[in-house]
Amino acid sequence: MRPTALEIMKAVAKAYGVTLEDLRSHSRVARLATARAVVCYLLYRYYNYSLKDVGRMVLRDHSSVMHSVRLVEGFCLWPKMYATDLAIIEDIKQKYLSDGQ
């Protein structure tokens with residue numbers, strides 16, 4: 001059974017050592033912003049939620065979600081700099097989003 005968006009959010013929060021409340025906060029602390037961006041990326045790309053729907057989940061507008069998705073996609077351009085983030089994304093994809101999804 002495919003995990004819910006909330007379960008993905010919890011997995012990302014745990015991987016980054018933050019809480020769900022942190023993901024939905026207005027804080028711009030780098031670790032929180034990166035975790036939030038990863039949530040946006042995973043929910044938009046792998047769950048096909050609209051930018052607006054993802055924005056509602058993380059209390060951001062659609063343009064902020066779009067920026068987050070592009071930011072995470074850019075991690076691949078700098079694999080050494082974002083190795084930890086890319087590993088977290090791959091781990092979550094393997095655990096939660098594999099099985100032909």
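Fair warning: this is a prediction, and the values are worked out from it, not measured in the lab.
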Supply the atom-to-atom distance [X] [atom1] to [Y] [atom2], rounded to the nearest 0.5 angstrom.
X	Y	atom1	atom2	value
M57	L20	CE	CG	12.5 Å
L42	Y47	CG	OH	8.5 Å
E7	R2	CD	CZ	11.5 Å
I92	L97	CD1	CG	8.5 Å
F75	I88	CZ	CD1	9.5 Å

Answer yes or no: is there a side-chain heavy-atom contact under 4.5 Å between [X] and [Y]?
X	Y	result
L43	I8	yes
V72	C40	no
T19	L23	no

Query - Partner set under salt bridge (Lys or Arg N to Asp or Glu O under 4.0 Å) for E73, not counting sequence neighbours - result: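 Testing E73 for salt bridge (Lys or Arg N to Asp or Glu O under 4.0 Å), a comparison that skips the adjacent residues, returns R45.
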
Report task. Taking salt bridge (Lys or Arg N to Asp or Glu O under 4.0 Å) as the test, write out the residues that go with R31, two or more places apart. Result ->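 In terms of salt bridge (Lys or Arg N to Asp or Glu O under 4.0 Å), with neighbours along the sequence ignored, R31 is linked to no residue.
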
Report task. Can you see which heavy atom on L86 is nearest to which on C76, and at what distance? Result ->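 Heavy atoms of L86 and C76 come nearest at CD2-SG, 4.2 Å.
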
Report task. Mind listing the closest non-hydrogen atom pair of A5 and Y49 along with its distance? Result ->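 Smallest interatomic distance, heavy atoms only, reads CB-OH, 3.7 Å.
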
Requested in this report: Can you sort out the partners of Q94 under side chain to side chain donor-acceptor pair (under 3.5 Å), two or more places apart, ordered by chain and number?
Outcome: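 If we apply the side chain to side chain donor-acceptor pair (under 3.5 Å) test to Q94, skipping adjacent residues, there are no hits.
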
Report task. Name all residues meeting the side chain to side chain donor-acceptor pair (under 3.5 Å) criterion together with D91; count only those two or more places apart in sequence or in a different chain, and write none if there are none. Result ->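 With sequence neighbours excluded, D91 shows a side chain to side chain donor-acceptor pair (under 3.5 Å) to K95, given in chain and number order.
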
Requested in this report: Take Y16 and D85 through the test side-chain contact (heavy atoms from CB on, under 4.5 Å) and record every step on the way to the result.
Outcome: CA-CA 9 Å; Y16 280 92; D85 300 304; 2.6 Å; yes

Report task. Please check if any side-chain donor atom of D53 sits under 3.5 Å from a side-chain acceptor atom of Y44, or the reverse. Result ->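 Per modelled atom types, D53 and Y44 side chains form no pair under 3.5 Å.
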
Requested in this report: Report, as yes or no, whether the 6.0 Å neighbourhood of atom NZ on K10 holds more than 12 heavy atoms from other residues, nucleotides or ligands.
Outcome: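 Result for NZ/K10: open.
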
Validation: residues 59-71 side-chain donor-acceptor distances under 3.5 Å, sequence neighbours left out:
{"from": "R60", "atom 1": "NH1", "to": "S25", "atom 2": "O", "distance (Å)": "3.1"}
{"from": "R60", "atom 1": "NH1", "to": "V58", "atom 2": "O", "distance (Å)": "3.2"}
{"from": "R60", "atom 1": "NH2", "to": "S25", "atom 2": "O", "distance (Å)": "2.6"}
{"from": "D61", "atom 1": "OD1", "to": "S63", "atom 2": "N", "distance (Å)": "3.2"}
{"from": "D61", "atom 1": "OD1", "to": "S63", "atom 2": "OG", "distance (Å)": "2.8"}
{"from": "D61", "atom 1": "OD1", "to": "S64", "atom 2": "N", "distance (Å)": "2.9"}
{"from": "D61", "atom 1": "OD1", "to": "S64", "atom 2": "OG", "distance (Å)": "3.1"}
{"from": "S68", "atom 1": "OG", "to": "S64", "atom 2": "O", "distance (Å)": "3.1"}

Query raised in the report: How would you list all residue pairs meeting salt bridge (Lys or Arg N to Asp or Glu O under 4.0 Å) that involve residues 17-27, not counting sequence neighbours?
Result: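 Qualifying pairs, neighbours excluded: none.
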
Requested in this report: Using the six-membered ring wherever Trp is involved, compare the ring planes of Y41 and Y46 and label them parallel, tilted or perpendicular (cut-offs 30° and 60°).
Outcome: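 Judged by the thresholds at 30° and 60°, the geometry between Y41 and Y46 is perpendicular.
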
